[in-house]
Amino acid sequence: MDLVKEIKRLKKEKNAVILAHYYQVPEIQDIADYVGDSLGLSQKAAETDADVIVFAGVHFMAETAKILNPTKTVVLPDLNAGCSLADSCPPDLFGEFTKAHPDHVVITYVNCSAEVKALSDIVCTSSNAVKIVESVPKDTPIIFAPDKNLGRYVMRQTGRDMLLWDGSCIVHEAFSMDKLIALHKKHPDYKIIAHPESEEHILGTATYIGSTSGMINYVKTHPNDKFIVATEAGILHKMQLEMPDTELVPAPAVEDNTCACSECHFMKMNTLQKLYDCLLNESPQIEVPEHIRERALLPIERMLELSK
Ligand code: SF4
């Protein structure tokens with residue numbers, strides 16, 4: 001069976017849209033209606049008139065689409081596609097944490113569960129985190145969760161002190177400083193660009209720090225440069241499509257036989273076959289209990305409003 005042809009046929013038949021994250025495998029990015037970062041995907045999810053949203057990403061992303069579109073069918077090719085960062089912030093513990101600091105505004109990075117969003121005042125992505133934090137009056141204390149690395153980066157950018165949740169992403173904490181230095185010595189003319197979920201010492205080596213969209217844009221606007229890219233390696237596909245002649249190397253991860261170099265195994269759980277199956281069967285579907293959805297919607301809407 002020609003999977004690509006069948007997915008296109010089903011998409012038309014069911015009035016479906018395929019939204020894919022930059023970290024998805026190339027064949028999924030190539031068939032998607034829209035490929036983007038968390039902010040772009042949330043914006044697309046908010047404005048789509050499709051009846052079925054196929055979310056080629058991880059669970060919290062599909063959940064965000066469902067929160068924005070309660071009457072639409074939202075499917076995820078593999079229900080096990082989770083996120084170590086979202087898992088590092090259990091809602092019950094986070095609820096106790098926010099209760100202990102009732103005077104704080106709670107800003108959560110979109111990489112968290114619907115329950116954690118429901119405990120938040122404003123959601124942010126790595127594209128708009130600085131802007132969202134700056135929107136809070138200077139004398140108001142802030143809790144920032146769940147990513148401590150992004151939180152620290154935003155603190156440096158804004159000069160704001162924030163109470164950080166101790167969460168992180170396994171992929172962005174797997175980069176090896178020693179190997180990165182060795183690689184840069186081998187290619188001294190390459191610029192290092194990094195995602196702010198990376199650790200402080202990795203960010204300290206970078207010429208540019210930004211979200212996935214920001215990094216792609218930086219590569220596009222520097223056509224004469226070569227790059228070492230410190231984020232999930234799936235982004236190289238989009239960068240190379242946009243800039244076929246630009247030399248790109250993924251930043252090396254610590255040697256670990258249990259995971260591929262700088263690849264998110266959650267993101268890579270989705271395959272073209274699973275995407276076809278979930279579109280055909282409209283399953284597995286994402287459901288969010290209505291009382292949580294209503295509370296989680298407000299901080300997402302605040303973010304979308306502030307990002308206009
Ligand atoms: S790359 Fe990290 S933050 Fe992104 S989905 Fe994978 S585990 Fe979560």
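Computed from a predicted model, the values in this text were never measured in an experiment. Position 1 is the first residue of the sequence, and the numbers go up from there.
- Between Pro141 and Asp139, the shortest heavy-atom contact is CD-O, 3.6 Å.
- Using a 4.0 Å cut-off between a side-chain N of Lys or Arg and a carboxylate O of Asp or Glu, Lys268 and Glu232 qualify as a salt bridge.
- A pairwise comparison of heavy atoms in Met269 and Asn80 identifies SD-O, 3.3 Å as the closest pair.
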Notebook entry, point to check: Does the side-chain contact (heavy atoms from CB on, under 4.5 Å) test come out yes or no for Glu27 and Leu3, once each step is laid out?
Noted result: CA-CA 11 Å; Glu27 55 271 29; Leu3 278 177; over 6 Å; no
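- Between Trp165 and Phe94, the ring centre distance stays below 6.0 Å.
- In this structure, Asp2 contributes its side chain and Lys5 its backbone to a donor-acceptor pair below 3.5 Å.
- The cluster map of Ile, Leu, Val, Met, Phe, Trp and Tyr, joined by side-chain heavy atoms under 4.5 Å apart, puts Phe175 and Leu203 in different clusters.
- To the nearest 0.5 Å, the span separating CG on Leu275 from CD on Gln273 amounts to 10.0 Å.
- Judged purely by atom type and a 3.5 angstrom limit, Arg302 uses its side chain to pair as donor or acceptor with the backbone of Asp121.
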Let's go through Leu306 and Ile122 carefully: what are the C-alpha distance in whole Å and the side-chain angles of both, what is the deciding distance for side-chain contact (heavy atoms from CB on, under 4.5 Å) to 0.1 Å, and is it a yes or a no?
CA-CA 10 Å; Leu306 284 165; Ile122 319 177; 4.3 Å; yes
*Which is it for His237 and Asp30 under the side chain to side chain donor-acceptor pair (under 3.5 Å) test, yes or no, and what are the steps along the way?*
CA-CA 10 Å; His237 178 66; Asp30 292 343; 2.8 Å; yes
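- A donor-acceptor pair shorter than 3.5 Å cannot be found between the side chains of His104 and Thr98.
- Considering only heavy atoms from C-beta on, Tyr153 comes within 4.5 Å of Ile209 through its side chain.
- Hydrophobic clustering of Ile, Leu, Val, Met, Phe, Trp and Tyr side chains at less than 4.5 Å, counting indirect connections, unites Ile193 with Leu248.
- Using a 4.5 Å cut-off on side-chain heavy atoms (C-beta onward), Ser283 and Cys278 make no contact.
- Between the side chain of Thr140 and the backbone N or O of Val136, no donor-acceptor pair lies under 3.5 Å.
- A donor and an acceptor atom, one from each side chain of Thr231 and Tyr23, are located under 3.5 Å apart.
- Here the shortest heavy-atom pairing between Lys14 and Leu280 reads NZ-O, 3.2 Å.
- A salt bridge does not link Glu134 to Arg160: none of the charged nitrogens lies less than 4.0 Å from a carboxylate oxygen.
- The main-chain N or O of Ile202 is found under 3.5 Å from a side-chain atom of Thr205 such that the two form a donor-acceptor pair.
- Follow the hydrophobic side-chain contacts under 4.5 Å out from Val106 and you never reach Val110; the two are in separate clusters.
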message: The test is side chain to side chain donor-acceptor pair (under 3.5 Å); show your working for Ser38 and Thr125 and say whether it passes.
response: CA-CA 6 Å; Ser38 298; Thr125 71; over 6 Å; no
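- Rounding to the nearest 0.5 Å places CG of Asn128 at 13.5 Å from NZ of Lys308.
- Scanning both residues, Ser262 and Ala253, for their nearest heavy atoms gives N-CB, 3.8 Å.
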List, one per line, each side-chain donor-acceptor pair under 3.5 Å for residues 52-64, sequence neighbours excluded.
| from | atom 1 | to | atom 2 | distance (Å) |
| --- | --- | --- | --- | --- |
| Glu63 | OE1 | Ala114 | N | 2.8 |
| Thr64 | OG1 | Phe60 | O | 2.8 |

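- Side-chain N or O atoms of Asn217 include none that pairs as donor or acceptor with a backbone N or O of Ser213 at under 3.5 Å.
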For this session: Check step by step if side-chain contact (heavy atoms from CB on, under 4.5 Å) holds for Tyr22 and Asp37.
Result: CA-CA 6 Å; Tyr22 288 127; Asp37 64 3; 4.1 Å; yes
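- A heavy-atom distance below 4.5 Å is found between the side chains of Leu279 and Ile7.
- Of the N and O atoms on the side chains of Ser211 and Ser127, at least one donor lies less than 3.5 Å from an acceptor on the other residue.
- With hydrogens and angles disregarded, no donor-acceptor distance shorter than 3.5 Å links the side chain of Arg293 to the backbone of Val288.
- Shown here for Thr108 and Ser120, the closest heavy-atom pair between the two residues is OG1-OG, 2.8 Å.
- Note: the hydrophobic cluster containing Met162 also contains Met303 (ILVMFWY, side chain heavy atoms under 4.5 Å, direct or indirect links).
- Residues Leu180 and Met215 do not share a hydrophobic cluster, clusters being chains of Ile/Leu/Val/Met/Phe/Trp/Tyr side chains in contact below 4.5 Å.
- Looking at heavy atoms from C-beta onward, Pro146 lies out of side-chain contact with Val116 at the 4.5 angstrom threshold.
- Contact of the Asn111 side chain with the Leu150 side chain is not registered, since no non-hydrogen atoms from C-beta on lie closer than 4.5 Å.
- Between the side chain of Gln29 and the main chain of Gln24, a donor-acceptor pair closer than 3.5 Å is present.
- Between Asp33 and Lys11, at least one side-chain N (NZ, or NE/NH1/NH2) sits under 4.0 Å from a carboxylate O, which counts as a salt bridge.
- Judged by a 6.0 Å distance limit and a 45° cone about the ring axis, Lys226 is not positioned over the six-membered ring of Tyr190.
- Ala230 and His172 make their closest contact through O-CD2, 4.4 Å (heavy atoms, listed as atom of the first residue, atom of the second, distance).
- Looking only at side-chain heavy atoms (C-beta outward), Asn149 and Ser198 stay at 4.5 Å or farther from each other.
- Atom CD in Glu305 sits 11.5 Å away from atom OG in Ser135 (nearest 0.5 Å).
- Contact of the Lys191 side chain with the His222 side chain is registered, since non-hydrogen atoms from C-beta on lie closer than 4.5 Å.
- Under a 3.5 Å cut-off, the side chain of Thr48 and the backbone N or O of Lys44 do not form any donor-acceptor pair.
- Thr246 places none of its side-chain heavy atoms less than 4.5 Å from the side chain of Asp225.
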* Asked: Going through the checks in order, is the side-chain contact (heavy atoms from CB on, under 4.5 Å) test met by Ile192 and Phe227?
  -> CA-CA 6 Å; Ile192 299 172; Phe227 298 96; over 6 Å; no
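- Taken to the nearest 0.5 Å, the CD atom of Glu197 stands 5.0 Å off from the SG atom of Cys169.
- Shown here are the ring pair (Phe, Tyr, Trp, His ring centres under 6.0 Å) partners of Tyr208, two or more places apart in sequence or in another chain: Tyr218.
- The SG atom of Cys124 lies 6.5 Å from the CD1 atom of Ile107; values are rounded to the nearest 0.5 Å.
- The pair Arg9-Glu6 counts as a salt bridge, with a side-chain nitrogen and a carboxylate oxygen less than 4.0 angstrom apart.
- Of the possible donor and acceptor atoms, none in the side chain of Lys220 sits under 3.5 Å from a partner among the backbone N and O of Glu242.
- With hydrogens and angles ignored, the 3.5 Å screen pairs a side-chain donor or acceptor of Asn69 with a backbone N or O of Ala45.
- Taking CG of Asn270 as the start and CD1 of Ile28 as the end, the distance is 5.0 Å to the nearest 0.5 Å.
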